[in-house]
**Q** 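This is the structure I want to talk about, given as structure tokens.
In the text below, chain A, chain B and the rest are named by the order of the sequence lines, each starting its count at 1.
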Amino acid sequence: MSLEIKNLNVNIGEKQILRDFSLEVPAGQVHAIMGPNGTGKSTLAKALAGHEDYEISGGEALLDGENVVGMEPDEIARLGLFVAFQYPVEIPGVTIANFIRAALQARLPEGEKIVATDYYKTLRAYMDELKIDRAFSARNVNEGFSGGEKKRCEILQMKMLDPKYVIMDETDSGLDIDALKIVAEGVNNMRSPDRGFLVITHYQRLLDYIVPDVVHIMWDGRIVKTGDKNLALEMEEKGYDWVKEELATAGA
Amino acid sequence: MSVATTTSDTEKFSEENFRHHLDAFWLNVPWVQELKQQNWKTYQELPLPTRSDERYRFSDLRKLKLDGYRPAQEPTEAQKADAIARSNLVGEPAGKVVFGDNFLLEFEGLSEELKAKGVIWMPLQQAAIEHPELVQKYFLEEENQLGSEKLLALHNAFFHGGSFLYVPKGVEIEQPIAAYYWSIECGEAIFPHTLLVVEDNAKVDFVDYYGSLDTGCCSTLSCGVGTIYAGQGAQVFRKIVQNFNEEALSFQLEANIADRDSQVKTIAVNLGSKYARLQNHTRIVGPGADVKMYGLTVSKDEQEFDQRTLQIHEAPHAVSDLLFKNALLDSSRTIFSGLIKVAKDAQQTDAYQTNRNLLLSKTAEANSLPGLEIEANDVKCSHGATTGQVDESELFYLMARGIPRQTAYQLLVFGFFEEIVEKISNEELRENVRKLVQAKFGNEM
């Protein structure tokens with residue numbers, strides 16, 4: 001059981017962003033991808049989620065063996081992939097409670113209905129855990145939220161939807177240390193042998209709180225280096241120029 | 001009571017029908033007779049709006065024909081019972097009145113407690129007889145600058161339904177008062193009328209519902225008038241729900257007069273008619289007034305919604321804020337034309353006007369004509385109109401959580417209206433308005 005990405009090539013318009021990108025995240029593990037801005041980290045997340053602006057010109061993304069390339073975003077999500085976005089979108093007029101409820105309803109067989117009392121009980125419990133004011137359930141999705149509130153709301157959705165694989169796209173950006181700890185704890189509570197995580201980040205700091213099993217360094221649309229959690233520390237210490245130099249040396 | 005108000009062979013607004021109308025409904029009310037006679041004369045003299053009238057710019061005047069309509073007759077007992085049974089937008093109103101083809105079908109007056117405080121609420125016809133001085137003071141006093149003079153004259157000549165509310169100083173009515181106007185017989189005309197006189201520091205919440213008993217292809221004419229007089233510090237919240245069938249021709253002429261520190265909030269929910277014209281003429285006459293005007297329209301098939309508004313600031317330090325949202329399906333059309341007028345002495349005015357159109361079809365057409373006329377030099381005014389489609393990034397976000405495209409689309413479209421629906425404070429009414437809006441979409445999405 002794994003999230004396996006094989007030779008994925010992704011373009012935005014004329015520009016190729018991911019180049020033969022390959023990676024396997026087995027269930028039960030947390031992998032981290034680090035890399036400088038513009039290297040294609042967010043493209044990876046959005047392409048896997050099925051965003052139509054990201055054209056996949058080759059390769060596969062296998063969710064427990066099923067290739068999701070070419071599927072609609074909602075199908076991919078219902079198969080068990082959850083992407084926590086770097087910039088969650090504001091949805092005017094749709095409350096958090098109605099939004100998550102519609103997402104859960106979509107996962108039920110036809111004719112079955114969400115039991116409202118159970119639903120709200122679970123929702124409130126997770127909101128408490130993530131220190132989100134319960135009144136937020138009646139607020140429009142992300143509308144007027146601070147950066148930290150938006151990210152906590154992403155984690156709330158993740159918990160409610162109980163996915164098999166999670167991609168977190170720079171969830172740490174824009175978070176202060178308290179919010180970061182809350183988010184990390186929310187993720188850590190969800191770690192299980194049945195679930196895989198791919199944590200995309202620019203900074204090593206997040207990985208102090210969500211400790212990864214494997215760390216990958218991404219550069220120019222592909223993985224260039226893989227190691228254990230110490231690679232992240234090394235990366236932080238030496239900076240991205242170190243990778244650049246290593247690559248130049250290897251290429252020479 | 002059964003009164004023939006038309007002769008069988010004159011199916012129109014004729015002299016003969018007009019005489020019948022006066023004799024049948026206003027025999028002993030000379031002041032109303034006189035007023036009606038003047039208006040009948042005006043109606044006959046005035047032409048229908050023409051292409052050259054700027055106030056009808058973009059309107060499809062072919063839809064605006066009065067031929068084939070006549071004053072309504074009394075409904076049958078079965079129709080009456082049906083109309084009464086369907087008048088249920090608010091479960092526990094402070095008062096309720098039901099009209100069918102202008103005839104009073106049901107009246108549940110206000111509580112004895114409110115009556116003891118001096119609140120008067122009754123059918124307009126009764127009020128014209130029992131409280132002539134009070135009614136005359138306010139009745140049809142507000143001039144209408146937005147066109148439809150001929151329709152207004154027709155209304156004045158033929159109205160006999162409608163209700164009159166007078167709330168004395170400081171009296172607050174918490175629950176909404178509901179008035180229902182049903183169009184019943186094909187080819188007949190109704191003339192709804194709501195006159196709200198809310199004295200200083202009084203408070204009221206009023207809802208008018210306009211509907212057709214026949215949901216099919218029966219064409220009727222409605223020409224309604226609604227007027228709010230908000231005294232100093234008064235709080236008036238008025239909602240109108242226009243839900244006629246798609247063959248109806250409807251005119252709704254609204255006027256609001258807001259005095260010092262009053263708060264006036266109006267919401268117009270526009271769903272029905274093949275051509276529906278809504279005019280809202282708001283005049284701020286006292287400093288510190290705060291007027292909010294909201295509109296929510298779902299247009300589909302070949303419907304046309306023609307919305308004309310005027311925000312006149314005659315006094316300083318007041319606020320008016322208008323937001324009209326239209327969602328358009330099929331080959332329907334909407335027109336929004338709004339003008340903010342700020343008089344020379346109305347300094348420190350805050351006046352805003354926004355029209356947002358959501359195009360859900362390639363063949364729908366939304367027209368916007370926002371305007372400003374400002375004579376004062378220290379004001380904050382803005383106007384803006386946007387026309388767009390469902391936001392792709394919002395759609396993707398919802399779908400990325402597993403919500404199918406069609407459901408996500410619906411959530412976003414209904415979400416578009418929530419900004420207005422959530423302003424309805426009565427929970428039951430809010431939910432019923434949501435249902436009406438959703439029903440309008442049916443299987444369209």
**Q** Between A/A77, A/A106, A/P73, which residue shows the highest count of heavy-atom pairs closer than 4.5 Å to chain B?
**A** A/P73
**Q** Give, as side chain, backbone, both or neither, the part of A/E143 having an atom under 4.5 angstrom from any heavy atom of chain B.
**A** neither
**Q** Within the 4.5 Å heavy-atom criterion, are A/N189 and A/K159 side-chain neighbours or not?
**A** yes
**Q** With the side chain counted from C-beta on, respond yes when A/I33 and A/T201 share a heavy-atom pair under 4.5 Å apart, and no when they do not.
**A** no
**Q** I'd like to check B/E418 versus B/F414 (side-chain heavy atoms, cut-off strictly below 4.5 Å). Are they in contact?
**A** no
**Q** Have B/S332 and B/Q303 got a donor and an acceptor in their side chains that come within less than 3.5 Å?
**A** no
**Q** With a 4.5 Å limit on heavy-atom distance, are the side chains of B/H383 and B/Y352 in contact?
**A** no
**Q** Checking A/L161 against chain B: side chain, backbone, both or neither under 4.5 Å from a heavy atom?
**A** side chain
**Q** Nearest 0.5 Å, what's the CD1-OG distance between A/I132 and A/S137?
**A** 10.0 Å
**Q** Indicate, with yes or no, if the rings of B/F305 and B/F324 have centres closer together than 6.0 Å.
**A** no
**Q** Of the backbone (N, CA, C, O) and the side chain (C-beta and beyond), which part of B/E419 lies under 4.5 Å from a heavy atom of chain A, both, or neither?
**A** neither
**Q** Counting only heavy atoms closer than 4.5 Å, note whether A/Q105 contacts chain B via side chain, backbone, both or neither.
**A** neither
**Q** Which residues in residues 87-103 of chain A have a heavy atom less than 4.5 Å from any heavy atom of chain B?
**A** A/P88, A/V89, A/E90, A/I91, A/P92, A/G93, A/V94, A/F99, A/A102, A/A103
**Q** Report yes if some heavy atom in the side chain of B/M399 is under 4.5 Å from a heavy atom in the side chain of B/Y409; otherwise report no.
**A** no
**Q** Can you confirm whether more than 12 heavy atoms, excluding those of A/M1, are under 6.0 Å from its CE atom?
**A** no
**Q** Just so I understand: if I count every heavy-atom pair under 4.5 Å between each of A/M158, A/Q157, A/E52 and chain B, which residue has the most?
**A** A/Q157
**Q** Sort out for me which of A/R78, A/K46, A/E75 touches chain B most, counting heavy-atom pairs under 4.5 Å.
**A** A/R78
